[in-house]
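For reference, the structure discussed in these notes is given below.
To find a chain, count down the sequence lines: A is the first, B the second, and so on, and within it residues start at 1. Since we're looking at a predicted model, the values are computed, not measured.
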Amino acid sequence: MKTQLTIFNTFSRRKEVFEPLNPPFVGMYVCGPTVYSDVHLGNCRTFITFDLVYRYLLHLGYRVRYVRNITDVGHLESDADEGEDKIAKKARLEQLEPMEIVQRYTNGFRQVMQQFNVLPPSVEPTATGHLMEQIEMVQKILDNGLAYEKNGSVYFDVARFVQQYPDYGKLSGKVVDDLLQETRDLKRQDEKNNPADFAIWMKASPEHLMRWKSPWSVGFPGWHLECSAMSTKYLGEQFDLHGGGMDLQFPHHENEIAQNVGCCGVAPVRYWMHGNMLTINGQKMSKSLGNSILPHELFSGQNSFMSQPYSPMTVRFFMLQTHYRSTLDFSDAALLAAEKGYKRLMNALQLLPELQHPGNTPPQMPDEDLAVQAACNALYDHMNDDFNTAMVLADLFELSGKINALYNKQLPPDALGLETFNRLQSVFPAFVQEVLGLADDTGAANNQLSDGLMSLILDIRAEARAKKDWPTSDLIRNRLNNLHIVVKDGKDGTTWTVE
RNA sequence: GGUCGGAUGGCCGAGCGGCUAGGCAGAGGUCUGCAAAACCUCGUACACCGGUUCGAUUCCGGUUCCGACCUCCA
């Protein structure tokens with residue numbers, strides 16, 4: 001039983017009780033996308049994971065400032081510090097302004113996030129919008145003697161830094177000596193004093209499209225720098241939570257810490273969280289491996305991996321069935337199963353508000369009452385246990401069973417005490433919709449016109465059934481089935497859903 | 001090669017030193033004009049080999065296989 005929120009901290013490799021620096025305020029930073037191409041499903045998993053964290057913190061009553069950046073410059077294409085900027089490359093290929101590329105993929109990213117019902121962050125800063133802050137940070141690191149300039153570029157001096165901050169490497173589990181003795185032959189390493197050093201400011205080559213003036217050269221900031229600068233600006237030198245995908249642990253997050261400490265003298269983050277990768281056919285889905293599925297390809301069914309389209313909420317549900325620190329393998333069979341489970345949950349969600357309680361307080365079936373109370377408590381216990389959404393869903397299915405049984409009169413209306421009944425009616429939707437962020441996209445969230453038409457049609461069918469006119473009754477049902485409308489005859493009349 | 005993580009019933013996936021989630025699929029039953037849905041019951045799984053223990057799927061060691069990071073990636 002966990003009555004307090006505990007979070008697995010990558011830095012300590014342990015679950016720790018979450019204690020914000022300045023409650024009720026929580027500062028949370030998540031590394032956002034680099035907007036040089038469409039977000040793929042693996043990216044989405046990370047943002048859905050941290051959307052869940054954000055939502056639960058809000059649900060617990062914290063006042064969260066959630067910062068998720070847009071990386072629109074400085075992210076290099078290949079080998080350490082010498083490849084082409086990803087956005088500039090794309091711009092050159094498509095003959096567009098770099099900012100057109102940025103705008104296009106930022107728009108696309110936001111649209112996909114909306115489809116997945118991911119809440120927008122409180123601040124969504126861009127790297128290009130924070131050049132001043134980044135340049136200032138470079139200067140401070142230089143002033144602190146932890147960086148050096150070579151031919152207009154500025155490099156972070158890892159060997160020197162390690163002397164005053166022995167924890168360098170701890171986050172990603174690296175042995176510093178190994179990093180410093182890296183023997184691999186990387187091109188154009190001659191400017192660096194040490195292979196482990198990394199650029200915080202890069203001088204732009206003549207053909208480089210994205211360039212800004214700085215005290216050292218006309219150039220652009222290093223990739224890791226933006227997150228350090230922007231988290232410091234909006235959340236302060238120290239803040240509570242930092243998230244991102246596991247593949248950012250090294251070098252990105254390790255170097256982020258180094259820059260913050262190198263600039264401000266304090267470790268910036270109290271709790272580091274890392275989401276695991278999404279795999280397809282057992283292999284990491286990644287842009288560079290070319291095995292990524294785009295969200296719209298999954299939603300439309302236009303892809304070579306799946307037999308049918310899957311809705312955004314089905315995919316979200318599917319992801320929540322797995323703990324965020326486990327890898328998740330995408331497959332058609334698994335999604336098909338998830339789709340059915342998701343619909344089952346939505347069905348219970350729809351029925352719940354229709355339930356009536358007779359009002360007598362003592363439960364007629366104490367065991368059922370206890371079971372419902374226990375499941376309601378378990379929702380919090382499991383969420384508090386490092387966001388165990390798989391268990392939360394199990395609890396919700398437990399409650400779904402009770403909701404269905406009450407609705408179908410398999411349990412008497414006063415099986416639960418009034419208090420328990422009221423709790424069920426408030427906690428269940430709160431977890432499904434607010435915390436897990438599962439909206440109903442099954443098509444049963446109807447409009448007035450279809451509601452009216454359906455009630456007309458079902459009234460006619462009810463008359464036919466009353467006269468035992470089974471051919472007419474079945475004709476109506478079959479024709480509706482052809483329109484993917486499923487008719488269910490219950491004890492108290494007929495309901496329908498869209499499949 | 002170095003570092004780290006994982007191997008769970010037909011499938012997906014939690015979890016734990018003994019009380020053995022959940023979803024999907026399957027079997028039986030209740031309900032029903034039939035159907036669908038719903039509800040009830042059922043399958044006793046934890047890669048392999050040793051060890052610790054009264055007892056291990058869960059802890060320790062080894063083996064095999066898989067993956068991640070070490071280089072751009074959420």
Salt bridge between [X] and [Y], side-chain N to carboxylate O under 4.0 Å?
X: A:D51; Y: A:R316; answer: yes
X: A:E94; Y: A:R104; answer: yes
X: A:D489; Y: A:R461; answer: yes

Whole-Å distance separating the [atom1] atom of [X] from the [atom2] atom of [N]:
X: A:N481; N: B:A37; atom1: CG; atom2: C1'; answer: 12 Å
X: A:E354; N: B:A37; atom1: CD; atom2: C1'; answer: 14 Å
X: A:L393; N: B:C24; atom1: CG; atom2: P; answer: 12 Å

Could you please name the option among [options] that lies closest to any side-chain atom of [X]?
X: A:L328; options: B:G33, B:G13, B:C70; result: B:G13
X: A:A337; options: B:A38, B:C24, B:A21; result: B:C24
X: A:A390; options: B:A74, B:C34, B:A21; result: B:A21
X: A:F397; options: B:A74, B:C69, B:G22; result: B:G22
X: A:T322; options: B:A38, B:G13, B:G2; result: B:G13
X: A:K340; options: B:A38, B:A14, B:A25; result: B:A25
X: A:A394; options: B:A74, B:A21, B:G13; result: B:A21
X: A:K284; options: B:G13, B:C69, B:G23; result: B:C69
X: A:A333; options: B:C11, B:A74, B:C72; result: B:C11
X: A:Q321; options: B:G22, B:A14, B:A36; result: B:G22

Residue matched to [N] through Watson-Crick or wobble contacts both under 3.5 angstrom:
N: B:A38; result: B:U30
N: B:G1; result: B:C70
N: B:A25; result: none

Using the [atom1] atom in both, what is the distance from [N] to [M], to the nearest Å?
N: B:G67; M: B:U30; atom1: P; answer: 50 Å
N: B:A68; M: B:G29; atom1: P; answer: 48 Å
N: B:U52; M: B:U58; atom1: P; answer: 15 Å

Checklist line | Qualifying residues under side-chain contact (heavy atoms from CB on, under 4.5 Å), relative to A:A127, sequence neighbours excluded | finding: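 Listed in chain order: A:D72, A:V73, A:Q134, A:E226.
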
Checklist line | Distance (rounded to the nearest 0.5 Å) between A:Y66 OH and A:E124 CD | finding: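 Answer for the OH-CD pair, A:Y66 versus A:E124, is 9.0 Å.
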
[X] (side chain) and [N] (base): donor-acceptor pair under 3.5 Å:
X: A:S473; N: B:G33; result: yes
X: A:R477; N: B:C34; result: yes
X: A:N276; N: B:G6; result: no
X: A:D489; N: B:C34; result: yes

Notebook entry, point to check: B:G33 base stacked by A:W470? Criteria: ring centres under 5.5 Å, plane angle under 30°.
Noted result: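 So yes, this residue stacks on that base, both cut-offs being met.
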
[X] side-chain N/O to [N] phosphate OP1/OP2 under 4.0 Å:
X: A:S326; N: B:A14; result: yes
X: A:R344; N: B:A37; result: no
X: A:N404; N: B:C39; result: yes

Notebook entry, point to check: Relative to each other, are the rings of A:F397 and A:F317 parallel, tilted or perpendicular (30° and 60° limits)?
Noted result: perpendicular

Notebook entry, point to check: Which residue, A:T279 or A:L41, contacts RNA chain B at a nucleotide closer to its 5' end, judged by nearest heavy atom?
Noted result: A:T279

Check: Would you say the side-chain atoms of A:T327 and A:D329 include a donor-acceptor pair closer than 3.5 Å?
Finding: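 No pair is found: no donor N or O on one side chain lies under 3.5 Å from an acceptor on the other.
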
